Amino acid sequence: MTDAAAVAAMAEPRVRMAPSPTGYFHVGSARAALFNWFFARQQGGTLVLRIEDTDEARSRPEWTEGIISAMAWLGMQADAGPYLQSGEGVAHQAAIEALWSSGALYACACTRDEIDARVKARAAAGDPTPGYDGFCRDLGLPRGEGRALRFRTPDAGTLTVDDLVRGAVEFPLSALEDFVCVRGDGSPLFALANAVDDRTMAMTHVIRGEDLLPSTPRQVLLWEALNRAEGRELPLPFYAHLPLLVNEQGKKLSKRRDPVAVELYREQGYLPVAFRNYLALLGWSPGDEEILPVETLIERFRLEDVQKSPAFFDVKKLNHFNGVYIRMLSVPEFIEAARPWVDPVAGEWAPGSWIDPDTGAPVVAEVPWPPSRYDEVRFAEVASVAQERVAVLSEVPALVDFLFLEDAPIEEASWQKAIAGDEAAPQILGAALAGYAECAWDKDTLHAVTLEIAETAGRKLGKAQAPIRVAVMGRTTGLPLFDSLAVLGRDETRRRVAAALDRLAAAA
RNA sequence: GGCCCCAUCGUCUAGAGGCCUAGGACACCACCCUCUCAAGGUGGCGACACGGGUUCGAAUCCCGUUGGGGCUGCCA
């Protein structure tokens, strides 16, 4: 039977996502979770969430909550769990007993230093075999406090892992050392806990990152030993190892130097649908069209089509996707989505937080305006023109700040370029001050009046609007000027133009 | 060092022996549109790592080389 046929014959696939609680949700885990989720939804299977917290020293209960909420943000929900691996202790201990009784395990009294010393000595003698040498293998040491339990691996032969993504991968058993699977304190290590949990939770497919491929032979060996020791023949799950997510150097995304926390992207103003859509394209392709509803993604997803080579996590493309999704929002939806960034009271996080593209470090700006000056109605009036101009929600505050700050937030570079550096600026600003005094206050009239000012100054409108824009809005770029002035109001607009004129006079 | 994986534009990918003069998307460049900036439109630049086979025919199959990566812990 082919793999595809086997999958088709499987009545109810059971898959799992098994992150370790490290304080945040890693984008690599998110991508693996997504592919598991796609597979489960498409096949009518079950997705179980299992928190791999056997490393007690590095686990904290509250981290689990973060993983679940990040999953929920991405619109993914597990069908079962969360199970804590640490809660499976009884099953783990039973497995250890069975394995010990069957002779699959032996106690080892070697310390890390002793093992390293022997490896070194061997290397010096010309034997490059690395790892544990099986020193305690036939010593018949009894179990005891401080003694780890090692798995007796076969000395020869080949173990083949049939991977749904990579095909048959062969591992020479001679290179596989007797690995530790129970700590000196009696607690199980990853490989054992993982295999036991996959058995008790009846997993049919193990879909995970490629970094786990080298540890698969150990888990297969353990699985088979467990079949013998427990006297129940459980079928091995199908394995599918997903390509790694890498940075621009082609190296595995690392916590230290890459922005890997899903939470960071949420706080920066990425839409979950956009983020999820982008994630889906890392190592897989639905075809020429890339921006697709999740139903379509689920329908088209095939494990067999997953790419084998690593994928670079490209924030630029993510930004584009996010911009597209933002523009797909209705204006009310956009207002709602932007609320946390513009409304100082509703804000769950500081407006203006983003990830520095160079350092990858999160940057959090001051709350740009006090709650007393925020006006939701005014924001709503410029929302549609702001919506077209942002790729991430955290860009919104800088676009609308001129509405909520006491004075124009004048950027020095803009001032120098458009006002101080333009000899026609005083004339244009003066004309604006006068021209805006009496005219009707709507965007079309403002356009017409300003056009006249430009013509009088012998300028194209594009050039002539710059000093006014900077005087009122603070920057040479931003929302359309006349829409903005219309919302800001006649008095405030003229006050700011006059202020710019004063500053110019003071400088002269 | 040992074991394993990988190799199509800068990036994500389409491609399962002839449909490929290698398609799409992001980025980049130019032009158009335009009150700035975006968005949008049009066009452009740009890849089968290399060497051997197999075949009438290879991006697609095989071998080797080179390059990159992962693992190598009483972490997961």
Side-chain angles (χ1 to χ4, degrees), chain A residues 18-22 52-55 57-59 85 108 110-112 115 119 123 128-131 146-150 161 163 166 169-172 174-177 179-185 187 189-191 193-194 209-217 241 243-244 246 248-252 278 281-291 305 307-321 323-324 327 385-391 395 399 414 418 443 446-447 450-451 454 460-466 468-470 473 475-484:
Chain A
S20 49
T22 49
E52 311 248 307
D53 60 346
T54 45
D55 186 6
R58 292 201 308 199
S59 296
Q85 193 155 65
C108 173
C110 298
T111 66
R112 187 71 236 171
I115 295 168
V119 169
T129 313
R147 283 186 187 163
L149 263 33
R150 288 185 182 270
V161 174
D163 192 283
R166 281 146 216 288
V169 182
E170 297 189 341
F171 296 88
S174 58
L176 196 59
E177 61 180 326
F179 57 92
V180 174
C181 52
V182 182
R183 291 192 182 87
D185 65 3
S187 62
L189 245 22
F190 164 74
N194 207 261
E210 189 196 351
D211 48 342
L212 274 325
L213 183 54
S215 74
T216 308
H241 287 93
L244 250 27
V246 300
E248 49 275 274
Q249 274 86 251
K251 305 236 201 274
K252 186 166 87 154
Y278 175 67
L281 302 182
L282 260 20
W284 177 69
S285 167
D288 272 358
E289 256 179 294
E290 298 186 318
I291 295 185
D305 293 340
Q307 197 80 14
K308 291 196 269 284
S309 45
F312 169 57
F313 188 92
D314 186 3
V315 180
K316 291 231 186 77
K317 187 158 180 174
L318 206 211
N319 283 344
H320 177 259
F321 273 40
V324 171
R327 277 172 250 124
V385 289
Q387 181 177 4
E388 300 169 354
R389 288 171 170 73
V390 296
E395 290 171 356
L399 237 31
S414 294
K443 102 181 199 193
L446 286 164
H447 189 151
T450 310
L451 187 58
K460 287 259 170 80
L461 181 54
K463 182 96 199 280
Q465 57 88 44
I468 303 171
R469 172 181 291 279
V470 172
M473 302 169 71
R475 302 179 193 89
T476 53
T477 64
L479 262 25
L481 180 62
F482 308 120
D483 294 77
S484 301

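Bear in mind that the values here come from a model prediction, so they are computed numbers and not experimental data. Naming: A, B, ... by sequence-line order, numbering from 1 per chain.
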Check: protein-nucleotides 13-15 of chain B nitrogen or oxygen pairs below 3.5 Å:
from	atom 1	to	atom 2	distance (Å)
B:U13	OP1	A:Gly283	N	2.6
B:U13	O2'	A:Ser285	OG	3.2
B:A14	OP2	A:Gln307	OE1	2.8

Applying salt bridge (Lys or Arg N to Asp or Glu O under 4.0 Å) to A:Lys251 and not counting sequence neighbours gives none
Who are the salt bridge (Lys or Arg N to Asp or Glu O under 4.0 Å) partners of A:Glu177, not counting sequence neighbours?
none
Hunt down the Watson-Crick or G-U wobble partner of B:C33, both distances under 3.5 Å, from any strand shown, or write none.
none
Nucleotide opposite B:C75 in a Watson-Crick or G-U pair, distances under 3.5 Å
none
A:Thr476: side-chain hydrogen bond (donor to acceptor under 3.5 Å, both in side chains) partners, not counting sequence neighbours:
none
Partners of A:Gln465 by side-chain hydrogen bond (donor to acceptor under 3.5 Å, both in side chains), sequence neighbours excluded?
A:Arg469
Can you give one letter per nucleotide of nucleotides 58-67 of chain B, 5' to 3': B if a protein heavy atom sits under 4.0 Å from the base, S if only from the sugar-phosphate, - if neither?
----------
Please report the distance separating the C1' of B:C56 from the corresponding atom of B:C63, rounded so that it comes out in whole Å.
22 Å
Go through the structure and list residues passing ring pair (Phe, Tyr, Trp, His ring centres under 6.0 Å) with [X], not counting sequence neighbours.
{"X": "A:Phe313", "result": "A:Tyr265, A:Tyr278"}
{"X": "A:His320", "result": "none"}
{"X": "A:Phe190", "result": "none"}

So if I take every side-chain heavy atom of A:Val169 and compare against B:C35, B:C5, B:C26, which nucleotide ends up nearest?
B:C5
Among B:C35, B:C37, B:A25, find the nucleotide with the atom closest to the side chain of A:Arg389.
B:C37
Would you give me the side-chain donor-acceptor pairs under 3.5 Å for residues 281-291 of chain A, sequence neighbours excluded?
from	atom 1	to	atom 2	distance (Å)
A:Ser285	OG	A:Gly287	N	3.2
A:Glu290	OE1	A:Lys317	NZ	3.1
A:Glu290	OE2	A:Lys317	NZ	3.3

Contacts under 3.5 Å, N or O only, protein and nucleotides 70-72 of chain B:
from	atom 1	to	atom 2	distance (Å)
B:C71	OP1	A:Lys252	NZ	2.6

Set of residues satisfying side-chain contact (heavy atoms from CB on, under 4.5 Å) with respect to A:Lys460, sequence neighbours excluded:
none
